[in-house]
Number of protein chains: 2
Amino acid sequence: MAVRKQIESTARVLDPLKQKGLSVTGSRRKILQLFMQQKGALSHGDIEKKAGVTFDRVTIYRTLQTFLDKGIIHAIPTADNAVRYALCQDECGPGHHDHQHIHFICSRCKQIFCLDHFVTPDLHLPKGYQAKDVDVLVKGVCKECSAIAKRA
Amino acid sequence: MAVRKQIESTARVLDPLKQKGLSVTGSRRKILQLFMQQKGALSHGDIEKKAGVTFDRVTIYRTLQTFLDKGIIHAIPTADNAVRYALCQDECGPGHHDHQHIHFICSRCKQIFCLDHFVTPDLHLPKGYQAKDVDVLVKGVCKECSAIAKRA
DNA sequence: TGATTTTTGCAACTATGTTGCTTTTTTGTA
DNA sequence: TACAAAAAAGCAACATAGTTGCAAAAATCA
Ligand SMILES: [Mn+2]
Ligand SMILES: [Mn+2]
Ligand SMILES: [Zn+2]
Ligand SMILES: [Zn+2]
């Protein structure tokens, strides 16, 4: 049972790589795993810390770029000069990202979460401006931190 | 007439500084002026280029931080590791920013604009999440670039 | 003007990101 | 399974970005 579970879990990590036509390597497996284990989004720095000294910094940069290109992860804009990345849930593919979910930034724990809540704000742009893509960033207090605050 | 205009323009640059209780210095005047002359938002790097070798890099960092603190400029999140800054139009002050406008990122000219169009997306957050602030980033083609594309 | 406060510039440092090239690993095929 | 071709990783060297402490310079205010 435990073995079967482990096989499944391994497969779950390998699948996205093979599906996207990527060769399976140590760093790709490890980094993908980190994303899968993680509730929040990860910055390059986060990954470097979590992966330990296992991989060269350059490899992490290149892996993230590859994952972005292939539609395995998406970038989340921030105002702190540290772009975060998170797994794509939707049907993203090479050169094609389409997310309609909110990104929530907790001002207490500093984590960033993808919330699967669709939003299509009524955009009344000035004439001439053509919208292609909308990103909604919400800052506030996340579920866990709210609970902690309530208890205190 | 020309002189009067120049005095006015100088005053317009000085006003925000004095109003916020900041001492008036060369770098602050210059950087504030850059923002006022500019349609789009500016990154630290942009300012460094536009200001020439006039100021030390460190001074620019510190000036931007001061302007942020005092509510003279606001930071615009991006996915390219280069936060942009733009003047606050609203009544922002020390430790208090409140913007309700869209930020538009042109994928052609790469400029970022503050659009004075209010947006309050209907946020249906999961239970426990408390929203404090919302940032809407729209990616697309700006007015000028649309016009250029049409002509071609 | 001159003392006091604030800001700037500089140096030294850390962190972040990029590029070219060589070695190692992966993959597909014989 | 062994091998050749292709792809990725590691390394070095570099470029850019951001931080901190401190001394010199400038701004403010009396
Ligand atoms: Mn997301
Ligand atoms: Mn703005
Ligand atoms: Zn939190
Ligand atoms: Zn444009």
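Per chain, numbering begins at 1; letters A, B, ... match sequence-line order.
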Whichever of L22(B) and V83(B) has its nearest DNA chain D nucleotide further upstream toward 5':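 First, find each residue's nearest nucleotide; the 5'-ward one identifies V83(B).
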For DNA chain D, whose closest nucleotide is more 5', that of Y61(B) or that of T59(A)?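 Going by which nucleotide is closer to the 5' end, it is T59(A).
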Indicate, with a heavy-atom threshold strictly under 4.0 Å, whether S43(A) touches base, sugar-phosphate, or nothing.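 No contact at all - S43(A) keeps every heavy atom at 4.0 Å or more from the nucleic acid.
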With sugar-phosphate meaning primed atoms plus P, OP1 and OP2, does T66(A) contact a base, only sugar-phosphate, or nothing at under 4.0 Å between heavy atoms?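 No contact.
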Can you tell me the distance, in whole Å, between the [atom1] atom of [X] and the [atom2] atom of [N]?
X	N	atom1	atom2	value
Q65(B)	dT20(D)	CD	C1'	14 Å
N81(B)	dG17(C)	CG	P	5 Å
K70(A)	dA8(D)	NZ	P	8 Å
R62(A)	dA7(D)	CZ	P	15 Å
Y85(B)	dG18(D)	OH	P	7 Å
K30(B)	dT7(C)	NZ	C1'	19 Å
I31(B)	dT7(C)	CD1	P	13 Å
R28(A)	dT25(C)	CZ	C1'	11 Å

Look at the side-chain heavy atoms of Ile, Leu, Val, Met, Phe, Trp and Tyr, link any pair under 4.5 Å apart, and say whether I112(A) and I148(A) land in one connected group.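 Cluster IDs for I112(A) and I148(A) differ.
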For K110(B) versus R84(B), what's the shortest heavy-atom pair and its separation?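 Scanning both residues, the minimum pair turns out to be O-NH1, 3.9 Å.
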Side-chain N or O of T25(B) closer than 4.0 Å to phosphate OP1/OP2 of dT6(C):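 No, outside the criterion.
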Would you say a side-chain N or O of R57(B) is under 4.0 Å from OP1 or OP2 of dA17(D)?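 The answer is no; no side-chain N or O of R57(B) sits under 4.0 Å from OP1 or OP2.
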Would you check if the side chain of R28(A) reaches a backbone N or O of S23(A) as a donor-acceptor pair within less than 3.5 Å?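 Yes, because the side chain of R28(A) sits within donor-acceptor range (under 3.5 Å) of the backbone of S23(A).
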Counting distance only, does the side-chain N/O of H74(B) pair as donor-acceptor with the main-chain N or O of Y85(B) below 3.5 Å?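 No; zero donor-acceptor contacts below 3.5 Å.
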By nearest nucleotide on DNA chain C, pick out whichever of S23(B) and E48(A) is the more 5' one.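 With S23(B) and E48(A) compared, the 5'-side residue is S23(B).
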At what distance, to the nearest 0.5 angstrom, does SG of C114(A) lie from NZ of K39(A)?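 Going from SG on C114(A) over to NZ on K39(A), the span is 13.5 Å.
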